[in-house]
Structure formats: C-alpha cells, structure tokens
Amino acid sequence: TMSHVLSSGLASAEQARLFFEAQLAFRTDPADLAADLLAGEERIVVIDTRSAGHYAEGHIPGAISFPHATMNPASTAVLARDKVYVCYCDGIGCNGSTRGACKLAALGFQVKELIGGLHWWRQDGFAVATGSEPGVLQTGGIACGC
C-alpha cells in the first residue's frame with residue numbers, strides 16, 4: 001500500500017535542513033520570547049499588530065501596540081533600526097502578525113513572527129497585561145519540554 005505521508009514526495013536531508021533553518025530565522029515561540037523578555041534582552045521589541053482595543057483587553061507584557069493597518073513609512077519612522085521586531089496577533093487563525101512582519105520587512109526592519117500568537121502565549125501559561133500600557137513580564141509560564 002502507498003504511504004499517505006510519503007505520497008507527496010520527500011525532501012533530501014539537505015533540503016529539509018535549509019527549510020527548517022529558514023523557519024527558525026523567520027519565527028520564534030512563546031518560551032524563547034519569554035526567556036528574552038525575562039532576561040531584559042534589549043535588542044528585541046515585541047509588537048502587537050492587533051487593534052488598540054484588543055491590545056487593551058490583553059497583550060504580551062512589554063509589547064507595544066502597533067496595528068498592522070497603521071504601518072507605513074511615516075508611522076514606522078519612530079522605530080529603531082537596530083532592533084529585532086517580534087510581531088504577534090491573536091493566533092494561528094489570524095494573519096495580522098504576518099501582515100505586520102511583512103510590512104516592517106518591506107520597510108527594511110529585521111523581524112520575526114511569534115508562532116501561535118497570543119493564544120499559544122496564554123496556552124503556555126505566560127502572563128498577559130491589560131490596559132494601554134505595555135507592562136513588564138515578571139515570571140515565566142510552563143517550562144518548555146524541548
């Protein structure tokens with residue numbers, strides 16, 4: 001019988017390595033982001049790409065509210081060019097983080113996308129800040145089993 005997994009083909013080990021290496025260059029996960037936030041990593045800036053209202057309802061502590069719909073050359077002029085911007089939105093069913101990361105990259109900024117967004121952040125047990133102020137992450141969530 002034919003394997004369903006193998007029926008679509010199989011990449012070489014080198015092709016697979018390049019693909020997964022690229023994924024790691026483009027994305028990060030909640031545990032790695034939280035570790036950097038808790039360590040005070042100054043090169044990382046977290047951007048909530050959702051509306052200001054959704055940001056106020058709950059956001060990653062330390063994140064700035066910058067809805068992707070408002071990103072353009074003029075509005076992003078205030079952003080530092082020597083930072084890495086980690087964009088997130090609600091979760092895997094939302095493409096706001098992808099839109100924000102794409103816009104920032106097109107404007108010459110270094111970006112990564114948070115996989116799973118706020119949904120996976122919460123699922124991993126990390127705190128959420130409310131209101132219009134960024135806040136600061138104080139404690140970790142569930143320890144990553146990787």
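Below, each value reflects all heavy atoms present in this structure, side chains not excepted, and no hydrogens, waters or symmetry copies.
The minimum heavy-atom distance linking Pro134 with Ala129 is given by the pair O-CB, 3.7 Å. The two residues Ala16 and Ala11 make their nearest non-hydrogen contact at N-CB, 4.3 Å. In plain terms, the two heavy atoms of Pro61 and Leu37 that are nearest each other are O-CD1, 3.8 Å.
For the pair Tyr85/Gln110, no side-chain contact is recorded, criterion being any heavy-atom separation below 4.5 Å from C-beta on. Side-chain contact between Asn95 and Cys89 is absent, with no heavy atoms from C-beta onward closer than 4.5 Å. The closest side-chain heavy-atom distance from Leu114 to Ile60 is below 4.5 Å. Two residues are said to be in side-chain contact when any heavy atoms from C-beta on lie closer than 4.5 Å; Trp121 and Leu33 meet this criterion. Using a 4.5 Å heavy-atom cutoff, the side chains of Lys103 and Thr49 are not in contact. Taking 4.5 Å as the limit, some side-chain heavy atom of His59 sits within range of a side-chain heavy atom of Tyr88.
Environment of CD in Gln23: crowded, with over 12 heavy atoms of neighbouring residues, nucleotides or ligands closer than 6.0 Å.
A donor-acceptor pair is defined here as one N or O able to donate and one able to accept, closer than 3.5 Å; no such pair exists between the side chain of Asp124 and the backbone of Phe126.
Note on Val111: it clusters hydrophobically with Ile64, by side-chain heavy-atom contacts below 4.5 Å among ILVMFWY residues. Placement of Val128 and Phe66 in two distinct hydrophobic clusters is found when ILVMFWY residues are connected by side-chain heavy-atom separations under 4.5 Å, directly or transitively. Two different hydrophobic clusters hold Tyr55 and Ile47 under the rule that ILVMFWY side chains link at heavy-atom gaps under 4.5 Å. Hydrophobic clustering keeps Ile44 apart from Leu104 (ILVMFWY residues linked when any side-chain heavy atoms are closer than 4.5 Å, directly or through intermediates).
Between atom OG of residue Ser12 and atom CG of residue Leu18 there is a gap of 8.0 Å, rounded to the nearest 0.5 Å. The CG atom of Leu137 sits 4.0 Å away from atom CG of Leu38, with the distance rounded to the nearest 0.5 Å. The distance from the CG atom of Asp48 to the NE2 atom of His54 is 10.0 Å, given to the nearest 0.5 Å.
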